[in-house]
Each structure stands twice: as C-alpha cells, then as structure tokens.
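Okay, so here's the structure we're looking at.
Just so you know, residue 1 is the first one in the sequence shown, and it goes up from there. Side chains are part of it too, since the values below use all heavy atoms of this structure and drop only hydrogens, waters and symmetry mates. Every number for a ligand or one of its atoms is a count from 1 in the order of the listing.
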Amino acid sequence: MQHYLFFETPIMTHYFSSNFTLGILGGGQLGKMLLYETRKYDIKTHVLDPSKEAPCAIGCNHFEQGDLNDYDTVYAFGKKVDVLTVEIETVNLPALRQLQKEGVKVYPSPETLENIQNKGVQKLFYQKHNIPTASFQRFANKASLTEGIATDAIKLPFVWKSTQGGYDGNGVAIIKKGADLAKLPDTECIAEEMVDFKNELAVIVARNPNGEITTYPVVEMEFHPIANQVEYVLCPARISDAVAQKARAIAEKVSHTFEHVGLLAVELFQTQDDEILVNEVAPRPHNSGHYSIEASYTNQFEQHIRAILDLPLGSTASKAAGIMVNLSGAEGFEGKVVYKNIEAIMKMEGVTPHIYGKKETRPFRKMGHVTIIHDDINEARKIAEKVKNTILVCSQS
Ligand code: ADP
C-alpha cells in the first residue's frame, strides 16, 4: 500500500494552476524575468505598464497599458488581483493604500515604498533607526542648496542627489566646486558626504510575511566611470569573511526595520576602514541579483515570488561563482538594436546572454545582461572582461 505524507498549510497550493492572480506594477526587464518564474509555477499574472511594447507584454496572462502613477488606473488594476507587487518603486501610493484596506495583499507595502521613493526620506529613515549611512543634508530646491554652499553650511566636495526620479546614476552628480552647480536641475535634493570607498557591495534579503529571512551572498559591483551605471556584478564579492558578515548583518537589519516583505536589495559602501554604510535600497529584484538565474539554487525572481506568496524560502547558496555583465547601448548608436558578436560570446563556456526585448537602443540604455559562471571567481572575471570587449549593443546601419 502506498503511504503519502501530508503537511499542514494546504492553503498554499491554491496559487498553482488556479485562478489566483498576481499583479505586477511595471512591465520592464525585471517583470519579464519574474514572469519566467510565474510560468514555471503556472501562476496567473496581470501586468500594468505605460508602454504597450513593454518587455512583459508577451509573457503575462493579461497585459494592461496605463499610467503607474494614476490613482484610478492603479486602483482598477489592483482590484482584479489577489496579491500585488512592483518591479519599479514610483507607483501611486494612495491607490495601494486603498487596495490594501480592501483586502489586496500589497508587497512591498505602501509604507515601505513611501520611505523609499524619496531619497531624503529614505536617508532620514536610516538615521532614525541607527543604520549606518553617509551624513547628508536635505534642500528643498537649488536656491537653498546654493545658499548652503555660500554660507559654508555644506563643505565641498559632496555628492548631489535628486530626491526623486533619479535612477542608474542619472540623478547623481559629484560637486567639487561652486561652478558645478550650473548643470544641476532645480529640484529637491540631498547633499551627501563623499564616501572614500574600497568597494561597492550589495546584499539581497528575502523576507516573508512572518519575518523569516534568507540572505544572498554579498556581491561586489563595479561601475562604469562615466555613466555611473553598474558594469559588472561579482558573486561572491572578493572581500574577507568578517566584512561579508558585517554587510549581511546590516542588510538583514535594514530588511527587518522596514518590515519588508519580498526582496530587498541593499546597496552598500565598504569604506577604507572596512566600515559598512548603506547607500540605498530597492524593494524588488535588482540587477545585483541577476547572476542568480544561472549561479544560485534559487534565483532572486523565484525567491521574490516565494516570499510574497508566503511559500517556503529557497536556498540562496551558489552552485558556482557568477558574474553579470551589463549590456547597455553603446555610445554613438541610436535606433533599431543589433547585438553584434553575440554568437562569439555564446561559444564561450558558461556564458549566457539575456536580451530584455527593447527594440530600440540608445547610449547607456539597459538592453540586456550576460552571466558568466565558473568554479573560480577570478577566472570568471577574466571571461567577463572578454565578453564585455566582444559584444557590442549598436544599431542597424
Ligand atoms: P542611483 O539611485 O541612480 O543608482 P546611487 O545613490 O546608487 O544612485 O548613486 C550612484 C553611484 O554614485 C553609486 O553607485 C556610487 O558609485 C556613486 N555614489 C553615490 N553616493 C555616493 C557617495 N556618498 N560617495 C561617493 N560616491 C557615491
């Protein structure tokens, strides 16, 4: 006679091959990679994005075109789903609050998003909760910033950050002298102390509604010097165990303090004295975790779904060292995209390109990424450099 083992919590099974619906606000590449996992588990999805050509449009069960910042659009979209998540943090918060009141599970919560959307508010949150971060001052506009410099209230050099609307380094500028202010837009901003860092690190934390967490290994991010965009992500980071432990502990504290549900990517600076400072967080899958698709037992997208649906969290251990190379549009090219020499990199062992599905390229636009896996991180780094120098994201003609 056959014996079956029955476990508690049968409620979980209702996600699979059923009418349960997961809503995703934003239909870009992060959403597209989330959809690989919802497809794997046969979980039904609805996606909302302003562009009908969004990378997610073809992978979800139902796609809606609409404004993520419009109350009525987000509310109407959310009423049709059971759990709502985001792949971008600039979404209409009053609509999310109302949906939550009416029983829709919203992860990340509107409270977390409110603390993150504005960089000044985010920095105050760290200060209030004793989370180490670079010192800063907030300014309502460019005039008050200029006055702050004139009265010596801020010391040069400093890092200027627009409190809203910046991403991938485009709302960030290093101000070395008064004349550098000329290029800045007139927005609310913060002036942050310039950190003399050894490394930029990141830790992805997954937390479920019961507060259980798993943490991915610490990764190291290498940035493009001009575009301020991440060029390589290395897992594991080439740092000591003591620094890695400190980084993971701080990232876990940040996740608990936000009472965050889902993935939280915590970007960190490792200073020359091996202090760890929190730079900023993203409450969703993040490009510092793309390596996990090939290199980890549970990739970050699957882990996000497990966390927000209160399913068992998977192992965050790596099967091999992994490096992500960002594929962004080359300078001097604009128009219909061509991935030149993609066949050459596909011949290399352990190399997998990911193409996000954006038809048009422009300088520094994120068009895809390439993952390199290898037993040895230093060998992987050499292959990554070769990949970077071989493939070119350009336009036709
Ligand atoms: P974004 O939200 O656009 O990613 P970040 O705050 O992460 O902006 O800043 C982009 C990059 O600028 C960082 O990855 C880092 O290289 C540099 N940077 C940011 N803040 C500081 C700082 N306080 N000191 C030195 N460099 C910084």
Side-chain angles (χ1 to χ4, degrees), residues 26 28-30 86-91 108 112-113 115-127 131-139 145 148 154-176 180 183-185 187-204 218-234 237 247 250-251 254 263-290 324 326 328 363-366 369:
Q29 63 264 18
L30 298 173
V86 304
E87 63 112 54
I88 181 168
E89 42 277 42
T90 43
V91 293
T112 302
L113 288 170
N115 275 316
I116 288 171
Q117 278 183 348
N118 178 302
K119 283 192 181 182
V121 174
Q122 193 182 139
K123 292 282 289 186
L124 285 174
F125 182 87
Y126 300 142
Q127 217 171 41
I131 290 164
T133 192
S135 61
F136 71 102
Q137 283 169 274
R138 290 173 86 191
F139 295 94
L145 175 72
I154 338 169
K155 298 266 173 284
L156 294 163
F158 65 86
V159 181
W160 171 91
K161 294 183 183 183
S162 167
T163 53
Q164 270 166 311
Y167 64 93
D168 287 343
N170 70 8
V172 176
I174 292 175
I175 305 300
K176 292 189 175 143
D180 293 344
K183 63 182 179 196
L184 300 181
T187 55
E188 188 192 290
C189 61
I190 58 171
E192 196 175 82
E193 166 205 353
M194 222 169 122
V195 179
D196 180 18
F197 55 78
K198 242 193 232 175
N199 271 315
E200 293 199 53
L201 307 173
V203 177
I204 293 180
V218 184
V219 302
E220 183 184 335
M221 301 184 288
E222 290 184 34
F223 280 77
H224 186 284
I226 299 164
N228 234 344
Q229 206 179 53
V230 73
E231 229 177 347
Y232 300 103
V233 173
L234 290 81
I250 289 174
V254 176
L263 287 195
L264 189 73
V266 186
E267 293 184 25
L268 305 158
F269 295 123
Q270 177 191 3
T271 68
Q272 298 296 342
D273 307 330
D274 286 344
E275 282 308 305
I276 298 291
L277 301 175
V278 174
N279 176 24
E280 60 171 359
V281 297
R284 51 169 169 76
H286 189 247
N287 65 12
S288 64
H290 289 350
M324 181 205 74
N326 209 11
S328 51
F364 301 117
R365 186 174 195 200
K366 277 190 194 167
H369 72 263

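- Using a 4.5 Å heavy-atom cutoff, the side chains of Ile276 and Pro132 are not in contact.
- Taking a cut-off of under 4.0 Å to the non-hydrogen atoms of Phe223, the atoms of ligand 1 that pass are 14 (O).
- Remark: the backbone N or O of Gly28 is paired with a side-chain donor or acceptor of Glu87 at under 3.5 angstrom.
- With ligand atoms numbered from 1 in the order given, ligand 1 contributes 20 (N), 21 (C), 22 (C), 23 (N) to contacts under 4.0 Å with heavy atoms of Glu192.
- With rounding to the nearest 0.5 Å, the separation of CD1 in Ile250 from OG1 in Thr133 is 10.5 Å.
- In Glu200, the part holding a heavy atom less than 4.0 Å from any atom of ligand 1 is the side chain.
- At a 4.0 Å cut-off, at least one heavy atom of Lys119 sits close enough to ligand 1 to count as contact.
- Looking at Glu192 and Lys123, a side-chain N of the basic residue comes within less than 4.0 Å of a carboxylate O on the acidic one, giving a salt bridge.
- Close contacts between ligand 1 and Glu267 involve ligand atoms 7 (O) [criterion: under 4.0 Å to a heavy atom].
- Counting only N and O atoms by type, the side chains of Gln29 and His369 include no donor and acceptor under 3.5 Å apart.
- Separation of atoms CG (Leu201) and CE (Met221) is listed at 7.0 Å; rounding is to 0.5 Å.
- Assignment of Phe269 to the shell around ligand 1 is supported, since a heavy atom sits closer than 4.0 Å.
- The aromatic rings of Phe364 and His224 sit perpendicular to each other, their planes meeting at more than 60°, with 30° as the lower class boundary.
- Heavy-atom contacts of Lys161 reach the following atoms of ligand 1: 6 (O), 19 (C), 20 (N) (cutoff under 4.0 Å).
- Distances between N or O atoms of Val195 and those of ligand 1 include at least one value under 3.5 Å.
- At a heavy-atom distance under 4.0 Å, no atom of Val230 approaches ligand 1.
- Interface of Asn279 with ligand 1, defined as ligand atoms under 4.0 Å from a residue heavy atom, comprises 5 (P), 6 (O), 7 (O).
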